[in-house]
2 protein chains.
Amino acid sequence: MRVVKSAEERKNEILDVAEQLFASKGFDQTSTNDIINEIGIARGTLYHHFKSKEDILDAVIDRITGTLMRQAGAIAADRRIPLLDRLTGSIMALNVDSRLGEEVMIQVHKPQNALLHQKMQEGMIRGIVPILSGLIEEGCREGIFHTPYPEEAAEMVMIYSNVAFDELEDRSPEERMRKIQAFIFHTERITGAEEGALQEAILRIFSK
Amino acid sequence: MRVVKSAEERKNEILDVAEQLFASKGFDQTSTNDIINEIGIARGTLYHHFKSKEDILDAVIDRITGTLMRQAGAIAADRRIPLLDRLTGSIMALNVDSRLGEEVMIQVHKPQNALLHQKMQEGMIRGIVPILSGLIEEGCREGIFHTPYPEEAAEMVMIYSNVAFDELEDRSPEERMRKIQAFIFHTERITGAEEGALQEAILRIFSK
DNA sequence: CAGCGACCGACAGGCTGTCGGTCGCTGAGA
DNA sequence: TCTCAGCGACCGACAGCCTGTCGGTCGCTG
């Protein structure tokens, strides 16, 4: 049967299904047949809306990173919140909640999803680093942070949290806690914050 | 024509060709046909020696990371060299020379080679982090470094250098220099070294 | 000369992307 | 209000790849 929808509606429908399948099986293991069978459209329709399978992946990632960046950006720009809390808050916004990409985030780390992971990481870094480095610069002017390399500092923090927390899934709770503690400690050192300052900010967020 | 070789010889022949092809075209873009045509063997022969295409990739990566790790390990263990020089030396051994994997290293960063890149990174981290963290612990005992998290410090330094220097290829020389300076600066901060200490060690290496 | 293991190549089954053609919807003109 | 042309969403067969399998061959060695 032939059901016509607007291009935008159909595109989103494809992205929804693709995101779900990529998340549960990985990109390589998901065939375009899986996608079109799930939706009930023909091969031609899929390729009418997207020029390749990888094009679909890119669009899925754009949607997710866009959402994450908007959330992080909103926190970073909210001047009612103390600066340190904005920094920790926007980093945490990337690794936790975010309803939309949640499933993807869980599966993203499997070895099979290398392309997904890499593209996502690239997109995140491009989008988030400027936000974080803005916060760090602001902190330098306020005397909270001290570093001649705010941008690279942001980059280092982002990259580490992205890669290292991937392998956290299958660790013991103690190990996880240690890694997180270490991450906070190193972020303080890199940004030149006072020791324990970020730690406090994080406790402040959780106590709410 | 039928040429019989020992299993080991044939395996290495396959790995040599695969490494070269993966490096120049990427893993996904290299078909098993490319490999067997280049060597002049049949499909069955390839699958007699390796159980899958990915198995070949794993073997290629093992060879490369093994070589790099041996080099870095040798430097790290050479007690005739000052500790700081051993640290910088073993990190540098991973990103520069290494004749064998050179071509691969150049192409590894292309977006298409995501799987190659990720597997390589994982292997490197697993192998190098213990070496570096050993050096850092040693430095802590000597009073050169100061950190409660030597292992995570090593991890952070390794991950960053692996990811961030990927995108360095297409930057201006000034930007590169800045990134490298920043990396050294942050490594000092993370390890709790005196500011400028690593910088000096690196200059010492290059001046030879 | 037997047996092992390196080697062969046809084949099954799956994949992506293409292309000529169909059909529903919309809006302009009668 | 009716008609009809054109646009764009949609279809599905097909070409041309791909990986991995399997029964069988043949060289070497003891």
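Chain identifiers are assigned alphabetically (A, B, ...) following the order of the sequence lines, protein sequences preceding nucleic acid strands; residue numbering begins at 1 within each chain.
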Just the rounded figure in Å: distance from C1' of dC10(D) to CD of Glu13(A).
13 Å
Between dG20(D) atom P and His49(B) atom NE2, what is the distance in whole Å?
16 Å
Under a 3.5 Å cut-off for both contacts, is dA13(D) paired Watson-Crick or G-U wobble with anything, and if yes, with which nucleotide?
dT18(C)
Rounded distance (Å) that lies between atom C1' of dC10(D) and atom CG of Asn37(A):
16 Å
Determine, for Phe27(A) and Lys53(A), whether the Lys NZ or Arg CZ falls below 6.0 Å from the six-membered ring centre while staying within 45 degrees of the axis.
yes
Check Lys179(A) with Glu174(A), please: is the shortest side-chain N to carboxylate O separation under 4.0 Å?
no
For Ile41(B), which contact category applies under a 4.0 Å heavy-atom criterion: base, sugar-phosphate, or nothing?
sugar-phosphate
Should the heavy atoms of other residues, nucleotides or ligands under 6.0 Å from NZ of Lys11(B) be counted, would the total exceed 12?
no
Let me have a per-nucleotide readout for nucleotides 16-23 of chain C, 5' to 3', with B, S or -, counting only protein heavy atoms under 4.0 Å.
BBBB--BB
What is the distance, to the nearest angstrom, from the CD1 atom on Ile36(B) to the P atom on dT19(D)?
9 Å
Can you measure Arg10(B) atom CZ to dC8(C) atom C1' for me and round it to whole angstrom units?
11 Å
DNA chain D nearest-nucleotide lookup for Asp34(B) and Ala7(A): closer to the 5′ end is Ala7(A)
Please check if the side chain of Arg86(B) supplies one atom and the backbone of Ile75(B) the other of a donor-acceptor pair under 3.5 Å.
no
So, does His48(B) get its side chain near the phosphate of dA6(C), meaning an N or O under 4.0 Å from OP1 or OP2?
yes
Geometric class of the Phe183(B)/Tyr160(B) ring pair [parallel <30°, tilted 30-60°, perpendicular >60°]
parallel
Interatomic distance, Gln29(A) CD vs dC15(C) P [rounded to whole Å]:
11 Å
What is the separation between atom CZ on Phe50(B) and atom P on dC7(C), rounded to the nearest whole Å?
12 Å
Strictly by modelled atom types, are Thr32(A) and Arg43(A) linked by a side-chain donor-acceptor pair under 3.5 Å?
yes
Atom pair CD1/OG1 of Ile144(A) and Thr191(A) - distance to nearest 0.5 Å
10.0 Å
Is there a Watson-Crick or G-U wobble partner for dC26(D) with both distances under 3.5 Å, and if so, which one is it?
dG5(C)
Leu46(B) has an atom CG; how far is it from atom C1' of dA10(C), in whole Å?
16 Å
